[in-house]
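The structure under discussion appears below in the form of structure tokens.
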Amino acid sequence: MSVEEDQTVREWLDHLKGLQVKTKKMFGCHCLYCDGQAVGWLHDGVMSLREVGLDYLPEDIKRPGRDDAIQELVIPFDYVNADWLPRAVQDTADIRKRKG
């Protein structure tokens, strides 16, 4: 892992303090876990968060179509400090737990 990549991952995680999050390096990315649930990926300066139907995200966050093979929201690094980000990660974990 490059120093720049390591710093970017740390910055994402710094803004998720207070949540039970961790990452695991796999497939050249960092899988993001919250409360033991895989909720997304950190890679190339973006967070790919699993699509679970959150309705409070900004309109410029592109939602996948029903037929898209990858059902994830691509959140640019510009949103690393967004107030809604920790809630989105926690809500994604909670929804995934309920779906079992």
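Rounding to the nearest 0.5 Å gives a distance of 5.0 Å between SG of C31 and CE of M26. Summarising the geometry, atom CZ belonging to F77 is positioned 5.5 Å from atom OG1 belonging to T8; distances are rounded to the nearest 0.5 Å. For the atom pair NZ of K22 and NE2 of H30, the computed distance is 14.5 Å after rounding to the nearest 0.5 Å. Residue W41 holds its CH2 atom at 6.0 Å from SG of C29, rounded to the nearest 0.5 Å.
Side chains of C34 and Q20 form no contact here, defined as non-hydrogen atoms less than 4.5 Å apart.
Donor-acceptor pairing under 3.5 Å is lacking for the side chains of Q37 and D94.
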Subject >> Verdict with reasoning, L13 to L32, per side chain to side chain contact (heavy atoms under 4.5 Å, CB included) >> reply: CA-CA 9 Å; L13 295 176; L32 178 64; 3.9 Å; yes
**OP:** Output, in order, the C-alpha distance, side-chain angles, deciding distance and verdict of side chain to side chain contact (heavy atoms under 4.5 Å, CB included) for I61 and I75.
**Re:** CA-CA 6 Å; I61 301 293; I75 301 171; 4.3 Å; yes
**OP:** Give the C-alpha distance, both sets of side-chain angles, the deciding distance and a yes or no for side chain to side chain contact (heavy atoms under 4.5 Å, CB included) between D60 and Y79.
**Re:** CA-CA 11 Å; D60 63 328; Y79 285 110; 2.6 Å; yes
Subject >> Pair R10-D6, salt bridge (charged side-chain N to carboxylate O under 4.0 Å, His left out): steps then yes or no >> reply: CA-CA 6 Å; R10 271 198 308 260; D6 188 40; 2.6 Å; yes
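By the rule that hydrophobic residues join a cluster once side-chain heavy atoms approach within less than 4.5 Å of another member, L42 and L73 end up as members of one cluster. Under a hydrophobic clustering in which Ile, Leu, Val, Met, Phe, Trp and Tyr are joined whenever their side-chain heavy atoms come within less than 4.5 Å, directly or via other members, I95 and V39 fall into the same cluster. Both V80 and L16 are members of a single hydrophobic cluster when ILVMFWY side chains are connected at heavy-atom separations under 4.5 Å. Cluster annotation: W84 is not connected to V74 through the hydrophobic network of ILVMFWY side chains, with a link wherever side-chain heavy atoms come within less than 4.5 Å.
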Would you tabulate the side-chain donor-acceptor contacts of residues 45-57 under 3.5 Å, counting partners in other chains and residues two or more places apart, or write 'none'?
unit_1: S48; atom_1: OG; unit_2: H43; atom_2: NE2; d: 2.9
unit_1: E51; atom_1: OE1; unit_2: R63; atom_2: NH1; d: 3.0
unit_1: E51; atom_1: OE2; unit_2: G53; atom_2: N; d: 2.6
unit_1: E51; atom_1: OE2; unit_2: R63; atom_2: NH1; d: 3.1
unit_1: Y56; atom_1: OH; unit_2: R87; atom_2: O; d: 3.3
unit_1: Y56; atom_1: OH; unit_2: A88; atom_2: N; d: 3.3
unit_1: Y56; atom_1: OH; unit_2: D91; atom_2: OD2; d: 2.6

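Remark: the backbone N or O of A38 is paired with a side-chain donor or acceptor of R96 at under 3.5 angstrom.
Taking both residues in full, the closest heavy atoms of A82 and P86 are given as O-CD, 3.6 Å, listed atom of the first, atom of the second, then distance.
D83 CG: 12 or fewer foreign heavy atoms inside a 6.0 Å radius.
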